[in-house]
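First the structure, in the form of structure tokens, and then the observations on it.
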Amino acid sequence: MIQLKGIAASDGIAIAKAYRLVQPDLTFTKITIQDIDAEQQRLVAALEKTEEELAAIQRLTHEKLGEEEAAIFGAHLLVVKDPELIGPIKQKIADEAVNAEYALSEISAMFVSLFENMDDEYMSERAADIKDVSNRVLAHLLGVHIPNPSKISEQVIIVANDLTPSETAQLDRNFVLGFTTDIGGRTSHSAIMARSLEIPAVVGTGTATTSIQDGDLLIVDGLTGDVLVNPAENVVATYRKKVENFTVQQAEWATLLHGKTISKDGVQVELAANIGSPNDLEGVLRHGGEGIGLYRTEFLYMGRENLPSEDEQFTAYKMVLEGMEGKAVVIRTLDIGGDKNLPYLPLQDEMNPFLGHRAIRLCLDHQDIFRTQLRALLRASNYGNLKIMFPMIATLQEFRDAKGILLEEKENLLAKGVAVSEQIEIGIMVEIPSTAVMADIFAKEVDFFSIGTNDLIQYTMAADRMNEKVSYLYQPYNPAILRLVKIVIDAAHKEKKWAGMCGEMAGDEYAVPLLLGLGLDEFSMSATSILKTRSLIKKLAVADMQALATEALQLATSDEVFDKVKQAVN
Amino acid sequence: MNTKQFTAVDPQGIHARPASQLVAAATPFASSIELQTEQRTANLKSILEVMGLALKQGLIFTLQLEGEDEEQAFTALTNLISETGLVQ
């Protein structure tokens, strides 16, 4: 058995025989020909064969995968019939008395370089389509066979150097159980395609095509990045069991997709997602998110040369609000400074950036930036269920100031006749211990709390979370943290407000039982953790978790709490 | 000879899908059909040349036809170009 290690690019485990999707040798030599007519005829014959082949692939792809996936072959068909491609090739054969292979390569290379040199990523990627078509014609001229994945008729795992768009488009979900490639990463085309087809994939193994032969038995573990070649029977048996478990789990999660999140004893909570851009929405809906618990707007401001305009922000916020179709969307105002800087907004170097001029502190100082964002938010508010959240609030005065500016902007917009929702909730992130301690006073004025545990832990423990030497102090289960969380939740409930959490802790399988026991209303996490957490909560009774949390609050150390929870839920 | 001027308004410009539709629609006509920008001229029956124009947002281009069926072709193609919604 050979074992390869690559990048786990798409979840799941596949066990099947290898099908090598490796391009044939397309090298040729330039020769001088005598019979120009015959050579041009050879070219025409190869073009016709390619056209037939592409038409067949287009039809098969349309039947198996749909119109969208087949469209690319429509474009390829136009290329193979393109008069401005065929004319010059024939001309070159006649003018230079060269073979069709050479003339074809020269002319297509000219178009490839024209497209590759365009300063437009979309267009430069079209160069790959031209190469694709030109290689098909070349293969017919040389009489070699280009593998044709749309014709696969048994269950296989595809082995390739990398998968071209046209190759992935032809993969039939019924026969292609998974794939593995030599190159690529989690965001390469082949990885994205694997996730959209929902088949397991391991990419970037380095040596898949050199170590695997056609017909080898393969196990592709898209959860760990392992690829096993010709494994022993007992290994196969172990993996068959894993496949079964994974299938059962997937089936269970699928039933939870559109359901509410309700504990064993009937208490409902909300599982929301953290996002950084409107592009993340698709994943939120695919994983059953009941809302957005944290939209980090700073990504709109990062990786660019200037501030995003009000309209640009409005468009992004509106897209998210509309996309969630009336479900709650908590948008956090700009949280910049600390470890996040903007090239066009020079900030003074600080001794302790995490304790410095960041987030709401900076926004209250640079009101032009803050007001632009608030106007964009207010204008977007009519398109969904918007909740605005201020980050890094340390004092009630800061909240009052921020809210005051927000209301001023609202009045200005209303005076201009711009529609603004009357239902916007205004809340704060609780990530500074002073605010957690004063939560009962805050609760009288804010509409909600969302506990940002990553910062709350670092500020409570006085331990920089970027500093590895003190990383042992990053202790989500520490009773000190749990006590602060309890203070915040109790304070919210006393004033009939809600309390959520949007740090890593909210999706942690050992923290969730405690948070459920402490009465947390909303858990916001990475979209991929939602179904797992919903499944977990369904198995827990809030009454039991309350008892567990009460005990945990009386323990002395983080480890004691962790062990207690582990014992209770396993 | 028939001509008409357009401006690409879609942020993505005239990308592969609409370009393919235009080429497929132009090919059956006998007339010579060209798209011209300030820098280049493309045969509208050639997907490679049309894509090679890189019709980006804001670019002005002219449709120019000449030949026996130019009237028919002009109506069909101007309609199609307008229907894409990618131009003004």
Side-chain angles (χ1 to χ4, degrees), chain A residues 47 51 54-55 58 66-91 104 106-134 137 165-166 169 311-312 315-316 319, chain B residues 7-61 63-67 69 73 76-77 80-81 83-84 86-87:
Chain A
L47 289 168
E51 197 180 320
L54 284 169
Q58 185 188 32
E67 197 183 342
E68 190 76 16
E69 286 77 5
I72 183 140
F73 300 106
H76 285 191
L77 272 168
L78 288 177
V79 173
V80 80
K81 289 189 279 193
D82 195 316
E84 302 300 337
L85 176 71
I86 301 169
I89 300 173
K90 282 185 173 168
Q91 196 64 46
L104 164 74
E106 290 290 297
I107 301 295
S108 79
M110 195 189 74
F111 280 108
V112 166
S113 91
L114 169 72
F115 280 84
E116 275 178 348
N117 288 326
M118 287 188 187
D119 59 351
D120 174 328
E121 196 186 343
Y122 175 81
M123 285 297 183
S124 55
E125 280 169 8
R126 302 281 73 76
D129 293 332
I130 303 170
K131 277 187 209 160
D132 231 42
V133 174
S134 156
V137 181
S166 84
D311 279 343
E312 208 177 316
T315 307
M319 208 184 284
Chain B
T7 308
V9 294
D10 191 89
Q12 287 187 38
I14 307 289
H15 44 92
R17 183 73 64 89
S20 301
Q21 286 172 348
L22 286 175
V23 172
T27 302
F29 292 106
S31 299
S32 131
I33 308 176
E34 292 180 341
L35 288 188
Q36 299 173 340
T37 65
E38 234 171 43
Q39 279 92 29
R40 288 166 179 275
T41 299
N43 176 354
L44 189 55
K45 296 173 187 174
S46 163
I47 186 71
L48 293 173
E49 289 202 350
V50 173
M51 299 275 289
L53 286 179
L55 291 170
K56 286 187 170 177
Q57 187 177 24
L59 211 69
I60 296 168
F61 62 96
L63 171 69
Q64 184 173 313
L65 304 94
E66 194 156 12
D69 52 5
L77 293 169
L80 184 60
I81 293 176
E83 274 167 27
T84 62
L86 307 177
V87 295

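Letters go in sequence order (proteins before strands), and every chain restarts at 1.
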For this session: Give, as side chain, backbone, both or neither, the part of A/Leu77 having an atom under 4.5 angstrom from any heavy atom of chain B.
Result: neither

For this session: Would you name the heavy atoms of A/Phe115 and B/Leu48 that are closest together and state the gap between them?
Result: CZ-O, 3.5 Å

Problem set entry | A/Met118 to B/Gly52 - nearest heavy-atom pair and separation | CE-O, 3.3 Å

Exercise. Is chain B contacted by the side chain of A/Leu78, its backbone, both, or neither, given a heavy-atom distance below 4.5 Å?
Worked result: both

Problem set entry | Atom of B/Ser46, atom of A/Pro83 and distance for their closest heavy-atom approach | CA-CD, 4.3 Å

Exercise. Which pair of heavy atoms, one from A/Asp82 and one from B/Ile47, lies closest together, and at what distance?
Worked result: OD2-N, 2.9 Å

